[in-house]
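Right, one structure below, let's go through it.
Here is how names work: the chains are called A, B, and so on, in the same order as the sequence lines, proteins then strands, and each is numbered from 1. As the structure is a computational prediction, the values presented were derived from the model and not from experiment.
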Amino acid sequence: MPELPEVETIRRTLQERILHRRIQGVRVSYQKVLRNCTELEFNQALRDREFVQLDRRGKYLIAYLDSHNRVVIHLRMTGRLVVLPRDYPMEKHVSLQIYMSGEEELRLIDQRKFATVYLLQEPGFGPIKGLATLGMEPLEEGFTCIYLTEQVQGRTAAIKSVLLDQRRVAGLGNIYADESLYRAGIFPGRPAGSLSSTEINRLHQSIQRVIGEGIAHRGTTFRDYVDGDGRKGGFQELLRVYGREGEPCRMCGEPIGRVKLAGRSSFYCPLCQR
DNA sequence: AGTAGGACCTGGTGGC
DNA sequence: TGCCACCAGGTCCTAC
């Protein structure tokens with residue numbers, strides 16, 4: 001579900017509510033959510049500790065304990081993280097609860113059970129391959145036109161697939177990739193290597209703008225995304241193509257089209273995107 | 001090296 | 001109302 005702007009919004013809202021609070025224990029109701037440790041090990045590592053820092057890399061959340069151990073969470077499609085009073089009624093699909101001082105708890109709720117949680121007790125991100133191999137983030141200093149050019153040149157794969165490849169650009173998902181390509185006027189199925197330098201420049205600018213605006217609007221609630229406070233995002237009002245099949249393009253009025261690329265729906269304007 | 005397809009899961013929607 | 005096929009914002013693995 002959440003892409004970079006949503007995960008960043010969750011990070012910002014959550015850090016106010018979980019940092020520097022004593023962890024009293026954990027409860028794992030879906031065992032497979034823990035990918036590299038048992039419930040017992042997880043409980044032992046967290047109990048009587050506190051989180052001191054909450055970072056984000058791509059779509060991963062990284063929570064640092066005062067022991068220097070780290071908890072890494074990826075929400076995948078439907079994961080949600082919310083802080084609630086301990087006696088708040090249990091929702092369906094709760095995978096994990098972390099009990100904190102102050103009679104509150106952090107809940108991981110995940111309808112499709114794809115979300116993953118790791119406990120890292122050694123330096124580095126080795127055990128989490130996707131995290132260890134992430135590319136540049138759109139708003140990171142190193143994400144330059146030159147960098148993007150290196151990522152696309154010589155590739156025959158569709159530019160959309162390249163944008164979704166987290167090793168090349170960290171944090172884009174289906175929504176923000178489509179919105180970036182629309183704003184750059186590039187058809188998602190174009191071979192990446194066929195983009196001119198002008199198009200790469202436009203795409204670079206579009207990605208940064210779309211991600212920046214996405215964060216400013218606290219993410220996109222297309223289905224059920226909410227931040228750590230339970231609030232919906234606002235960027236869905238600003239979507240130009242995603243989910244708008246058949247509706248008029250805001251630039252030219254042509255009905256928005258949809259194609260399957262790499263198994264994913266891609267929305268685009270047949271006239272504005274070449 | 002690339003890419004297509006299946007796997008991981010559940011629920012909502014639309015067709016009949 | 002019931003049943004069924006299909007769809008979903010992500011990533012990983014295997015097979016070609």
Rounded P spacing from C:dA5 to B:dG6 in Å: 16 Å
Complementary nucleotide of C:dG10, counting Watson-Crick and G-U pairs under 3.5 Å: B:dC8
Sugar-phosphate only, base, or nothing, as touched by A:Thr156 at under 4.0 Å among non-hydrogen atoms: sugar-phosphate
C:dT11 OP1/OP2 closer than 4.0 Å to side-chain N/O of A:His74: yes
Close aromatic pair by centroid cut-off 6.0 Å: A:Tyr64 and A:Phe51: no
Ring centers of A:His74, A:Phe114 separated by less than 6.0 Å: no
Closest to side chain of A:Phe114, choosing from C:dT11, B:dC9, C:dA8: B:dC9
Sugar-phosphate, base or nothing in reach of A:Phe235, heavy atoms under 4.0 Å: nothing
Sugar-phosphate only, base, or nothing, as touched by A:Tyr30 at under 4.0 Å among non-hydrogen atoms: sugar-phosphate
Closest listed nucleotide, where the reference is the side chain of A:Lys260 and the choices are B:dC8, C:dA8, C:dT11: C:dA8
Flag side-chain contact, heavy atom, 4.5 Å: A:Val72 against A:Leu61: no
N/O (side chain, A:Tyr60) to phosphate O (OP1/OP2, C:dT11) under 4.0 Å: no
Separation of the P atoms in C:dC6 and B:dG5, to the nearest angstrom: 15 Å
Residue among A:Gln15, A:Glu16, A:Glu8 satisfying side-chain hydrogen bond (donor to acceptor under 3.5 Å, both in side chains) with A:Arg12: A:Glu8
Given B:dT10, C:dT11, C:dC7, the nucleotide with the shortest approach to the side chain of A:His93: B:dT10
A:Asp227 vs A:Arg218 side-chain heavy atoms within contact, under 4.5 Å: yes
Any A:Arg258 side-chain nitrogen or oxygen under 4.0 Å from OP1 or OP2 of C:dA8: yes
Nearest-neighbour nucleotide for the A:Lys129 side chain, C:dC13, C:dG10, B:dG11 considered: C:dC13
Which nucleotide in C:dG10, B:dG11, C:dA8 has an atom nearest any side-chain atom of A:Gln111: B:dG11
Presence of A:Arg264 side-chain N/O under 4.0 Å of C:dG10 phosphate oxygens OP1/OP2: yes
Closest nucleotide among B:dC9, C:dG10, C:dA8 to the A:Glu3 side chain: C:dG10
Nearest-nucleotide pick for A:Lys32, side chain only, options being C:dG10, B:dC9, B:dG11: B:dC9
Sugar-phosphate only, base, or nothing, as touched by A:Ser265 at under 4.0 Å among non-hydrogen atoms: sugar-phosphate
Shortest side-chain distance from A:Gln166, nucleotide among B:dC9, C:dT11, B:dG11: C:dT11
